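Contents: one structure, followed by commentary.
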Amino acid sequence: MNKKIHNMAVFIEFLVGSGLAIFFHWVLRHEEIAYVTFAVGLLLSLATWLLREDVENARDTLIEQYREAHEIPAALARICDPECHARATELMASTRRTLLMLEKGYIPLDDTEFYLEGAKLSDAATHSIKAVDPMTPGWGTRGTLLNFYQANLRALEREVAITRIFVINRDDLADPEVQKVLLAQHGDRVTVRVAFRDELPAASDINGRDTTGSFNFAIYDDQVVTDVFTQPGKYYGRKTTHHGEVERYQRLYELIEHSAHPLEPGEESLTIASEVYAINS
């Protein structure tokens, strides 16, 4: 109905302008004034039509924004049950945290999505993958991790350089299960290093990032980062391509790499390179 009234108003304005022009032309015999009146009337009709169109569009936009801004508060206000209201408040708090993460350029991912994204990024990598992983029991035996590691192997076949720093305790290096993982990756041509937890960077703020993080992240081609959350929750990890955030992770990786120890094959295990040199000397 509003659209019809809007079109009718434009039509009426056009008729009035044309009528005045005809009146000046036929009745008063002022042809110049008739032409000027018709032109001015036509321009005014066009101007008012455009103005009404802008007002209508602005009105629709404001109404939509108002509905979006007040839809959730209105829904919360309609919840009368105290337990339901408490649950709704928790959901809103979780949603706000997710929105804050998205605002900073991070995409939250659940467990399966995280390793699927890692596999896709490994398949798309062209020159380097730099990873930091905590050595957990059964590392690489889960289905999602196996498929992710297969993508790593495909990247190695394309001559992509993969460096993986495992974060372990000092006593863990002699553990047969740990050695099994290290030997397998070394045999697949992954550059393997170990970083002892007590030698990791001290808790401090490095370029806005707390180094007490998960120490479980990967940098693909120095352009994309995936990171695992330290605390269990709705999401397992996150991904970002934001240039500033990627630079922070690169800085953290450099600090961990500086504290990491290269490994060399011993008789039946991988040993810290400095220890091998000490034995040979």
Side-chain angles (χ1 to χ4, degrees), residues 111-112 114-201 213-222 224-228 230 236-237 249-250 252-281:
D111 190 346
T112 304
F114 182 84
Y115 288 108
L116 175 61
E117 193 66 34
K120 290 180 178 179
L121 292 171
S122 297
D123 286 330
T126 57
H127 62 83
S128 71
I129 299 175
K130 296 179 286 190
V132 176
D133 292 279
M135 181 66 75
T136 54
W139 194 97
T141 58
R142 293 168 49 199
T144 52
L145 269 170
L146 283 173
N147 293 328
F148 165 70
Y149 189 63
Q150 288 298 318
N152 280 194
L153 295 179
R154 290 193 294 271
L156 288 167
E157 292 176 358
R158 301 193 310 273
E159 303 299 326
V160 175
I162 299 181
T163 302
R164 177 164 283 112
I165 301 175
F166 282 104
V167 178
I168 63 174
N169 297 319
R170 289 184 177 273
D171 297 337
D172 292 341
L173 188 58
D175 189 311
E177 290 298 322
V178 171
Q179 283 292 330
K180 181 179 178 182
V181 173
L182 295 177
L183 286 168
Q185 302 233 348
H186 179 75
D188 291 329
R189 296 182 293 112
V190 176
T191 301
V192 183
R193 296 185 178 184
V194 294
F196 298 126
R197 295 184 188 277
D198 56 359
E199 293 181 351
L200 289 175
S214 66
F215 295 118
N216 191 355
F217 63 91
I219 305 172
Y220 300 86
D221 287 340
D222 297 328
V224 188
V225 171
T226 57
D227 186 19
V228 175
T230 55
Y236 180 78
Y249 278 95
Q250 288 176 327
L252 178 58
Y253 179 83
E254 289 173 1
L255 291 172
I256 297 174
E257 185 181 35
H258 182 69
S259 303
H261 299 273
L263 299 175
E264 287 194 357
E267 294 182 358
E268 295 181 355
S269 62
L270 291 179
T271 323
I272 294 176
S274 58
E275 296 178 358
V276 174
Y277 296 148
I279 293 173
N280 293 337
S281 60

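No experiment lies behind these values; they were computed from the predicted model shown.
D188 places no side-chain N or O within 3.5 Å of a backbone atom of V190 that could act as its donor or acceptor partner. In this structure a side-chain-to-backbone donor-acceptor pair under 3.5 Å is missing from D172 to V178. Listed for the N216 side chain is no donor-acceptor partner under 3.5 Å among the backbone atoms of P134.
Between F215 and L252, the shortest heavy-atom contact is CE2-CD1, 4.3 Å. Between M135 and V181 the shortest heavy-atom distance is CE-CG1, 3.9 Å. The two atoms that bring A155 and I129 nearest to each other are CB-CD1, 4.3 Å, heavy atoms only. In this structure, L200 and A195 approach most closely via the heavy-atom pair CD2-CB, 4.0 Å.
Shown here are the salt bridge (Lys or Arg N to Asp or Glu O under 4.0 Å) partners of E199, two or more places apart in sequence or in another chain: R170.
Between L173 and I272, the closest side-chain pair of non-hydrogen atoms falls below 4.5 Å. Side-chain contact between F217 and Y253 is present, with heavy atoms from C-beta onward closer than 4.5 Å. Using a 4.5 Å heavy-atom cutoff, the side chains of H127 and V160 are not in contact. Here the side chains of K130 and Y220 are not in contact, with every heavy-atom distance at 4.5 Å or above.
From T126, atom OG1 reaches atom CG of D221 across 3.5 Å, with rounding to the nearest 0.5 Å. From L156, atom CG reaches atom OG1 of T191 across 8.5 Å, with rounding to the nearest 0.5 Å. Distance check: Y249 OH to D227 CG gives 3.5 Å after rounding to the nearest 0.5 Å. Expressed to the nearest 0.5 Å, how far OG of S269 lies from CG of L263 amounts to 9.5 Å. A distance of 8.0 Å separates CG in D133 from CD in Q185, rounded to the nearest 0.5 Å. Atom CZ of residue R164 and atom CZ of residue R193 lie 14.0 Å apart, to the nearest 0.5 angstrom.
Between K180 and D175 there is no salt bridge, since none of the side-chain N atoms of the basic residue sits less than 4.0 Å from a carboxylate O of the acidic one.
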Which atom pairs, one a donor and one an acceptor, fall under 3.5 Å between side chains of residues 115-123 and the rest of the protein, sequence neighbours left out?
unit_1: Y115; atom_1: OH; unit_2: Y236; atom_2: OH; d: 2.9
unit_1: E117; atom_1: OE2; unit_2: K239; atom_2: NZ; d: 3.1
unit_1: S122; atom_1: OG; unit_2: G118; atom_2: O; d: 2.9
unit_1: S122; atom_1: OG; unit_2: N152; atom_2: ND2; d: 2.9
unit_1: D123; atom_1: OD1; unit_2: R154; atom_2: NE; d: 3.0
unit_1: D123; atom_1: OD1; unit_2: R154; atom_2: NH2; d: 3.3
unit_1: D123; atom_1: OD2; unit_2: R154; atom_2: NH2; d: 3.2

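Heavy-atom contacts from other residues, nucleotides or ligands closer than 6.0 Å to CG of D171 number 12 or fewer.
In this structure, F196 and H261 have tilted ring planes: the angle between them lies in the 30° to 60° band.
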Practice task
Quick one: do Q179 and L270 satisfy side chain to side chain contact (heavy atoms under 4.5 Å, CB included)? Show the steps, please.
Solution key: CA-CA 7 Å; Q179 283 292 330; L270 291 179; 3.9 Å; yes
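When L183, I165, L182 are each tested for a side chain to side chain contact (heavy atoms under 4.5 Å, CB included) with V192, only one passes: L182.
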